[in-house]
Amino acid sequence: MSITPGAGHGELSTVFLSFRNVKKTYDRQTLVVRDFNLDVHQGEFVTLLGPSGSGKTTVLMMLAGFEHVSSGDIYIDGASVTRVAPYERNIGMVFQNYALFPHMTVAENLAYPLRVRKMSRTEIRERVARSLKLIELEDFGDRHPGQLSGGQRQRVALARALIFEPALVLMDEPLSALDKKLREQMQFEISRLHSKLGCTMVYVTHDQAEALTMSDRIAVFNHGVVQQYASPDQLYEQPANAFVAGFIGENNLIPGKGSVQSDGTVHVTLQDGTVLRAAHGNFDAAEGDCLLSVRPEKLSISTVDTIAPDANRLRVRFVAQHYVGDFIRYYFERPDGTRIIVKTMNDARAPTLTEGHAIDLHWSMQHSFAFHPQPSAVQGDTP
Ligand code: ADP
Ligand code: MG
């Protein structure tokens, strides 16, 4: 087991799970996982986040042992699991449609993984009682799954995955079938169980809000490649590329021609000659197509604020505004049709604008990123 600096805690933690150059093809033509590398620390909650079809489930299936890796290796607790059968990996799992056994009671469902592991009756009885208590369903042990609500069933599925105290727990979109309120409750519940039990968690979702709420670290996944692996706040504040910037949270991506300056900042020249400056990003060419990225809440509409001399200014036309309660979302348009969104707290400074009104937006170049444009689809590499 290797020792590496801890994930954001400033302490030393151990790498528990490693993917090394893992590739996967189902048809020997297209790589659905192209070159997957990831380290997960002991006790960490890591989420694979990516659009549908990006290869998340495939990665979990390889980790669980239900799919072979086409090449590369997976290590759990320092040992390669490539030749270890699924049941020997001792992994707890919850899937989206993980059905409980309908003919068994809740208690029997929970006892099942323990019976398979040939535990004694006394031990099983104790663990089932503890487990029911953990999910606050003490009085539901004798019910059948059909007599439970969706949320209660999901809690039982969760408890069943955890009852044999696996060191590693995998969850593949376990909440996607639940309505919003229940989903948020269960997010809290899963986080609570994770901190209480201290297992290592690999969680899969396509829902960025869910990933941001629950995870220690998130691997943003697209086209079978990790785009960025970082904590939620790092992903939001320091996106590595245009895909991550667009996928995590709301974002404005303004197209132009980039050019790296001698001080390392990037000048982005728009079609009408406006020059915007960016202090961050991955754009590194002397000249070329570029996207300037800025979060909607970093843009200022107000003309009463003192505008810093090095601030970006952008002339836009007002299109519409939406009242969202605690904040207001404004829509603006550029002459070339680019939409700009601005989010402002709903307070006295939020202006009322009329349609067609021309106005300057301004913001700091410290909140601006210059990114290489990314192709919306990468043609599948051949293995
Ligand atoms: P995600 O979970 O991110 O939605 P998947 O891992 O399910 O992505 O799928 C990634 C790609 O692999 C998709 O193009 C999908 O069609 C393909 N795929 C997934 N499972 C199989 C399979 N058993 N056989 C063939 N192709 C598959
Ligand atoms: Mg999936």
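Whatever order the structure lists ligands and atoms in, that order sets their numbers, starting from 1.
Under the 30°/60° scheme for interplanar angles, the aromatic rings of Phe101 and His103 are found to be tilted.
Among all non-hydrogen protein atoms, the one lying nearest atom 4 (O) of ligand 1 is Gly53 N, 2.6 Å. Regarding atom 8 (O) of ligand 1, its nearest protein heavy-atom neighbour is Gly55 N, 3.1 Å. Considering only non-hydrogen protein atoms, atom 5 (P) of ligand 1 sits nearest to Thr58 OG1, 3.7 Å. Of the protein's non-hydrogen atoms, Tyr26 CD1, 3.3 Å is the one closest to atom 26 (N) of ligand 1.
Between Arg315 and Asp272 there is no salt bridge, since no side-chain N of the basic residue sits under 4.0 Å from a carboxylate O of the acidic one. A salt bridge is defined here as a Lys NZ or Arg NE, NH1 or NH2 lying under 4.0 Å from an Asp or Glu carboxylate O, and Arg217 with Glu44 meets this definition. With respect to Glu67 and Lys24, a salt bridge is recorded, a charged nitrogen being found less than 4.0 Å from a carboxylate O. By the 4.0 Å N-to-carboxylate-O rule, Asp172 lies too far from Lys56 to be salt-bridged with it. A salt bridge is absent between Lys133 and Glu138; no separation between the charged side-chain nitrogens and carboxylate oxygens falls under 4.0 Å.
For atom 11 (C) of ligand 1, the protein comes within 4.0 Å by at least one heavy atom. Distance screen at 4.0 Å: atom 24 (N) of ligand 1 has a protein heavy-atom neighbour inside the cut-off.
Put simply, the side chain of Pro145 does not reach to within 4.5 Å of the side chain of Val156, judged on heavy atoms.
A distance below 6.0 Å separates the ring centres of Phe36 and Phe221. Taking the six-membered ring for Trp, Phe283 and Phe371 have ring centres at least 6.0 Å apart. The aromatic ring centres of Tyr331 and His322 sit less than 6.0 Å apart.
Near Thr57, with a cut-off below 4.0 Å to any heavy atom, the atoms of ligand 1 are 1 (P), 2 (O), 6 (O), 7 (O). Remark: ligand 1 atoms within the under-4.0 Å shell around heavy atoms of Pro51 are 3 (O). Atoms of ligand 1 lying under 4.0 Å from any heavy atom of Ser54, numbered from 1 in the order shown and given with element: 1 (P), 3 (O), 8 (O).
At a 3.5 angstrom cut-off on N or O pairs, Val32 does not count as close to ligand 1.
Looking only at distances, a side-chain donor or acceptor of Asn282 sits under 3.5 Å from a matching main-chain atom of His372.
Shown here are the protein N/O/S atoms lying under 2.8 Å from the Mg ion (ligand 2), water excluded: Thr57 OG1.
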